[in-house]
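Structure, as structure tokens:
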Amino acid sequence: MKTPVPDYLQHVLSACNNNQSGALANYIPELAQADPNKLALALSTIDGTIYSTGDDTLEFTIQSMSKPFAYALALKTLGLNAVLQKVGVEPSGEAFNQISLGQDQLPKNPMINSGAITTHALLPHKKTVSRAEHLRRFLSELAGRELQFDENVYASEVKTAFRNMSIGYMLRTVGVMDEDPEQIVNGYIQQCSIKVTVKDLAAMTSVLANGGIQPKTGKRLLDRAIVRQVLSVMMTCGMYDAAGDWLTTVGIPAKSGVAGGIMGVLPGQVGIAVFSPKLDSHGNSVRGVEIFERLSSDMGLHLMEGTPSAQTILQSRYSIGKKQNVIVYELRGVLQFTESEMLLRFLQDEPQAKNKIILDLTNLTLIHDVGARMLFEGVKRLKEDGHQVIVVDSEGVLSEEQVKGNKRLVVNDTLEHYLAQFEEKK
Ligand code: GLN
């Protein structure tokens, strides 16, 4: 059997192929030379598989899709508070290159140019390694290959960067930035000129979808809190003055770039990247938006749809042993707040009789910290009621940190093996 996913992606691409509307970005002369027919799509899963179709080996400049990653690197380097003192997190409802500041005289968010230029100034740098080079190295690590700058696009944009230069001088004037505005704006433009394919972007977004861990290597590249901050800002500000429209129709945190790319991240599920150079009036790829709309509605990817996962937490409950006083709870799925609440409600209904209760975690795929805390609190209360309780975790779903202080309650044997002793007593 061949998985139908690639065929489906190919189908979505073909369905959007006829859409010829939009226009190439022409304020950067080199981008006006792009082939408007190019079209590519890639999707990454959180275990690191990448499906791609169309012009998926074609490189284009990352442009504004570099902004969330630069923000992530600034947060990683300086911490949230220091960054918040320089750049806000409010949607601007304005164009990406608006020459404006919030009432507090700070750029409104890191996704528009004023915020992104400020963020660029916050990137790590040494005499020999520029801010843009630091970011290039970071993006290469996320993509899993060495990315390069596009010197032509860089040179072309620098020549016509009057607007971004004005923003740089404005930031210097109000004191948001102490550095030489020309140097910072040029560095920002270089950051935008890093070349990627949709496959690179899909790999990069898979790290964000996976809570900061590179799914292929298992290496943590970003703290979970940073990923949450970045995705929140992408959700509210990533599509500029089309952010509300995007949230209601697509519902996936995303960021577009003026070369024609759009990348999206559905936390815990998928990363998506598209490329098609013609843009709408907001500067977002026309066919890119259409592809995202289709994927979101066909595959139920809207963030606000949610999943009633709690219903699946209890796989089965049965009693065994001579007196039928050993009660086994087999759990499955993911243990977050909703599932833990449901589990605790089941346990609350346990008769007062002094039973032995076995909670089998083997088929759980993930236990969030809140799930572990609620589980052990439930165990504590069952014991206070006079029950004996044992947690079977043969697959080691609980982390060491989560088990801390409850080690004696946890058995790492398989359920079958553990239950055999009660069968013998029958
Ligand atoms: N380098 C571009 C600019 O600053 C990036 C804009 C974008 O991709 N929206 O104008």
Side-chain angles (χ1 to χ4, degrees), residues 25-32 61-75 77-78 81-127 129-136 149-194 233 237-238 240-241 255-259 279 281-283:
N26 56 11
Y27 75 100
I28 301 174
E30 190 70 17
L31 293 186
T61 49
I62 189 167
Q63 298 297 342
S64 284
M65 291 178 291
S66 64
K67 292 170 180 173
F69 297 112
Y71 188 49
L73 185 55
L75 289 168
T77 313
L78 300 174
N81 287 338
V83 175
L84 285 178
Q85 277 168 20
K86 295 284 184 186
V87 191
V89 288
E90 293 305 329
S92 66
E94 296 167 348
F96 68 90
N97 55 5
Q98 190 79 22
I99 305 178
S100 70
L101 293 168
Q103 278 174 352
D104 52 4
Q105 298 289 86
L106 294 182
K108 287 181 190 152
N109 68 68
M111 301 294 113
I112 52 173
N113 289 11
S114 57
I117 292 168
T118 308
T119 305
H120 182 82
L122 303 179
L123 294 181
H125 60 101
K126 292 192 210 128
K127 257 206 177 116
V129 187
S130 68
R131 295 171 173 90
E133 172 59 16
H134 268 283
L135 187 69
R136 189 199 64 77
F149 294 110
D150 187 322
E151 299 301 340
N152 293 334
V153 173
Y154 169 71
S156 165
E157 185 171 356
V158 162
K159 262 193 235 154
T160 55
F162 310 115
R163 216 181 158 89
N164 282 333
M165 248 357 134
S166 323
I167 295 175
Y169 278 102
M170 169 188 71
L171 294 167
R172 180 72 180 78
T173 307
V174 297
V176 174
M177 235 166 53
D178 301 327
E179 295 81 359
D180 168 25
E182 281 191 37
Q183 194 196 335
I184 296 299
V185 170
N186 287 348
Y188 158 77
I189 292 172
Q190 201 181 6
Q191 143 184 344
C192 290
S193 78
I194 293 170
V233 174
C237 315
Y240 314 121
D241 41 343
K255 186 73 211 76
S256 60
V258 79
L279 309 178
S281 58
H282 308 287

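If you're wondering where the values come from, they're calculated on a predicted model, not measured in any experiment.
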NE2 of His120 to OG of Ser130, rounded to nearest 0.5 Å, is 7.0 Å

Do Ser64 and Tyr240 make a side-chain contact, defined as non-hydrogen atoms from C-beta onward lying under 4.5 Å apart? yes

Lys255 side chain to Gly238 main-chain N or O, any donor-acceptor pair under 3.5 Å? yes

Filter on side chain to side chain donor-acceptor pair (under 3.5 Å), then keep only pairs touching residues 96-106, sequence neighbours left out; what's left? Glu94-Ser100

Could you pull out all residues at least two apart from Val83 that satisfy side chain to side chain contact (heavy atoms under 4.5 Å, CB included)? Tyr71, Ala74, Leu75, Leu78, Leu122

If you look at every heavy atom in Gly283 and Ser256, which pair is closest and at what distance? O-OG, 4.2 Å

OG of Ser114 to CZ of Phe96, rounded to nearest 0.5 Å, is 12.0 Å

Side-chain donor or acceptor of Lys86 paired with backbone N/O of Val176 under 3.5 Å: yes

Any side-chain heavy-atom pair from Leu31 and Glu157 closer than 4.5 angstrom? no

Could I get the full list of side chain to side chain donor-acceptor pair (under 3.5 Å) partners for Asn186, not counting sequence neighbours? none

Within the 4.5 Å heavy-atom criterion, are Asp150 and Glu30 side-chain neighbours or not? no

Looking only at non-hydrogen atoms, find the nearest pair between Gly257 and Met65 and report the distance. N-CG, 3.9 Å

Hey, are the side chains of Pro68 and Val233 touching, using non-hydrogen atoms and a 4.5 Å cut-off? no

Within the structure provided, determine whether Ile117 and Ile184 are in side-chain contact (heavy-atom separation under 4.5 Å). yes

For His134, what residues pass the side chain to side chain donor-acceptor pair (under 3.5 Å) criterion, not counting sequence neighbours? none

Is a side-chain donor-acceptor pair under 3.5 Å present for Glu182 with Tyr169? yes

Side chain to side chain contact (heavy atoms under 4.5 Å, CB included) between Leu135 and Gln190: does it pass, once the steps are laid out? CA-CA 10 Å; Leu135 187 69; Gln190 201 181 6; over 6 Å; no

One should read off an interatomic distance between Ile189 CD1 and Thr61 OG1, to the nearest 0.5 angstrom, of 12.0 Å

Non-neighbouring partners of Asn109 that pass side chain to side chain donor-acceptor pair (under 3.5 Å), sequence neighbours left out: none

So CG of Leu123 and CG of Leu73: to nearest 0.5 Å the spacing works out to 5.5 Å

Between Pro181 and Met165, the two heavy atoms sitting closest are O-SD, 4.4 Å

Measure the CG-CZ distance between Asp178 and Arg172 for me, rounded to the nearest 0.5 Å. 6.0 Å

Donor-acceptor pair, Lys67 side chain versus Met111 backbone, under 3.5 Å? yes

Note, Ile112 side chain near Pro107 side chain (heavy atom, < 4.5 Å): no

Considering only heavy atoms from C-beta outward, does the side chain of Thr118 approach that of Leu106 to under 4.5 Å? no

Identify, with sequence neighbours excluded, every residue that meets side chain to side chain donor-acceptor pair (under 3.5 Å) alongside Ser66. Gln191

Do we see a donor-acceptor contact under 3.5 Å between the side chains of Tyr154 and Lys159? no

Quick check: closest heavy atoms across Pro110 and Thr119, and the distance to 0.1 Å? CB-OG1, 3.8 Å

Side-chain contact test, heavy atoms from C-beta onward, threshold under 4.5 Å: evaluate it for Arg131 versus Glu179 and give yes or no. yes

If you measure from OG on Ser193 to CD1 on Ile28, what distance do you get to the nearest 0.5 Å? 10.0 Å

